[in-house]
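Naming: A, B, ... by sequence-line order, numbering from 1 per chain.
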2 protein chains.
Amino acid sequence: MPKSAPTIKEIARKLNISFSTVSRALHDHPSIGLGTKLKVKKLAEELGYEPNQTAVFLQQGKTYTIGVILPHLAESFFPAAISGIEEVAIKNDYVVLLGQSLDSTEREIMLVESMRKHRVDGLIISMAKNTTNYEHFEKLKKSNIPIVFFDCIPSMKEIHTVSCNMISGSIQAVSYLLKKGHRVIGLINGPEKLTASKERLEGYQQALLKNRLKFDPSLVVNSDLTKEGNIKALHEILKNKRKITAIVAFHDNLALDIMQELDITKQEHKPVIVSYANLPMMQFLKYKPNASVEQFPYLQGKKAAEIILDIIKNKNNEQNQNNAFYKIILDSKLIDYH
Amino acid sequence: MPKSAPTIKEIARKLNISFSTVSRALHDHPSIGLGTKLKVKKLAEELGYEPNQTAVFLQQGKTYTIGVILPHLAESFFPAAISGIEEVAIKNDYVVLLGQSLDSTEREIMLVESMRKHRVDGLIISMAKNTTNYEHFEKLKKSNIPIVFFDCIPSMKEIHTVSCNMISGSIQAVSYLLKKGHRVIGLINGPEKLTASKERLEGYQQALLKNRLKFDPSLVVNSDLTKEGNIKALHEILKNKRKITAIVAFHDNLALDIMQELDITKQEHKPVIVSYANLPMMQFLKYKPNASVEQFPYLQGKKAAEIILDIIKNKNNEQNQNNAFYKIILDSKLIDYH
DNA sequence: TTGAAAGCGGTACCAG
DNA sequence: CTGGTACCGCTTTCAA
């Protein structure tokens, strides 16, 4: 006997009352006899009755589930973001459906489909790095499932976004180095087309400008962010005629690779490094960046979740239709390790 | 007009046929007119019809969702495990509901409740470290929701488990050190009552025995795994009259802490270290463990997911009731970094 | 080949 | 205060 979960009807039958009465009793409906109420509650307790939420969901047309799709969990950025999302979700009696796209568009599409099928009430997405076709997102909008994008955001109009302004952090990073007396500062950036890369470059330039220094394009190289690419970029930048004393690295991971390479190749004057991410592991390194730009993933996740819940809850409000779009931009911040 | 998703009935109405016909047409039911079938499919396509899975779920009594509850995502062990779970889930058209207990029993209970309410088909759990009361798990079993425990497993009878045998890895670790000539090997273990600690100690002793060496209890200390605790344990063990040349550390994180401390306090002869976890970041350290024991989290996750799906699918098979319990034990393996 | 109707587990309205 | 009933969206059996 695979004792299936007890239902409201079973309780009704055993008590010889109608199941609507049972339903009301369980909900403390005001107009219900105290006696029956107690009887019902007692039996429900005994049977270990639990309302079948899927039934409730069906008739409410909601699932109290928010889907989260992100590239992967390997980078500590994303676990932190999820934690922020989960925190808000839990407080609102929502639950989190997780999917990793592994930076594959194909898989991202699959996940979006799957979450749509499961009728999530809303979706929070950090897009796969190389997704360029946004049909699956459009389809989602058509299905009337709200999305909030964060971190890696598609260039679509009329979407909700949460992101971290890297420009401010970049300015801080470069200013920090300038204040320490560095004048020839290299920038090993990510792929040129990435917004993230553009923002870093922008900040780099602005900081120079502020200090009335001329921007020298030969001090900037791009890496494809693979280990080999990073090392190649390092050597390329070190070839510069001017003596580079400091490097701004696109990401802590890139910093790790080039620091290792600097170590292996035994450079005599190791450049000072400033990077991005503020990975927790950094503190354990001996030769580490002097500082790293924090992007507050937890906060980003939290914000994204708050927004999606807000949208879900106001979905049927006439006013909020198709007009306002959230664009939350947090400021990044340089964390000094010394 | 918050255009709600089109339903089977709408299609039926527009086509002036009954909605059961529509349902069948959509499912390629054999006994359906080719003409109507095409008409229906065409309109469904146009309207962007998608079956409401929550309705399907309700009547199937399934949600195609598996819940995963684990302490947190900060340690790379868990993201890897999730990836394994997700892989299997996706292949089987299941979806993953995630919850982090943050090693709080209270929160774990909450999550279990929440997942029960959402009627997950099965649950995969790595228990919060200090959970000692198992009522919430028992309740789950009563609700007929299958659970597979992995990694941190409660001491309950009649449960399904996936775990990694740390004894074999520990033997390898100590043997490795012995082969290198070390004779005075310290063990900085975790909290005494943890299974994980017991297994490490067990392996430590067995390896000594195999090599006809005497076990010296004074070479073993326990840490509470906080940073302070780790450092304290290190100094305690270094006080030993015998000269410790190698240390087996409970976990890479502990190794990190004590290596940092050894560095700071400028010990002249730094002991060789072997630890557990094989964290990806280890490769970037200069002073790093010589080797680390891998626990194959991805595989553990994968196995756990396979089991839970197997149970779910055979749930209504008479045979499989309450008899067999999976106890999968993977072997750990020492990874040499040199 | 198609329609009608029951039922999955609830909620909520209308009667009485 | 309680029972009856319609309905949420879909699958499936029974009849026609």
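Here A:H27 reaches the OP1 or OP2 of C:dT11: one of its side-chain N or O atoms lies under 4.0 Å away. Phosphate proximity of C:dG3 to B:S20: absent, as no side-chain N or O sits under 4.0 Å from OP1 or OP2. When the side-chain nitrogen and oxygen atoms of A:T36 are compared with OP1 and OP2 of D:dC1, none of them lie within a distance under 4.0 Å.
Between A:F78 and A:P297 there is no side-chain heavy-atom pair separated by less than 4.5 Å. A 4.5 Å side-chain heavy-atom check between B:K139 and A:E50 finds at least one atom pair inside the cut-off.
Note on A:E10: nothing from the nucleic acid sits closer than 4.0 angstrom, heavy atoms only. Among the protein residues, B:I8 comes within range of the sugar-phosphate backbone only, with heavy atoms under 4.0 Å from sugar or phosphate atoms but none that close to a base. Heavy atoms of B:T7 sit under 4.0 angstrom from primed sugar atoms or phosphate atoms, though from no base atom. Nucleic acid contact class of A:F19 (heavy atoms, under 4.0 Å, all strands): base.
In summary, the aromatic rings of A:F57 and B:F57 are positioned with their centroids too far apart to meet the 6.0 Å limit.
Closest to the side chain of A:L58, from the set D:dT2, D:dC8, C:dT2, is D:dC8.
Salt bridge A:R116/A:E113: present, at least one basic N to carboxylate O contact under 4.0 Å.
Between the side chain of A:S18 and the base of D:dG4 there is no donor-acceptor pair of N/O atoms closer than 3.5 Å.
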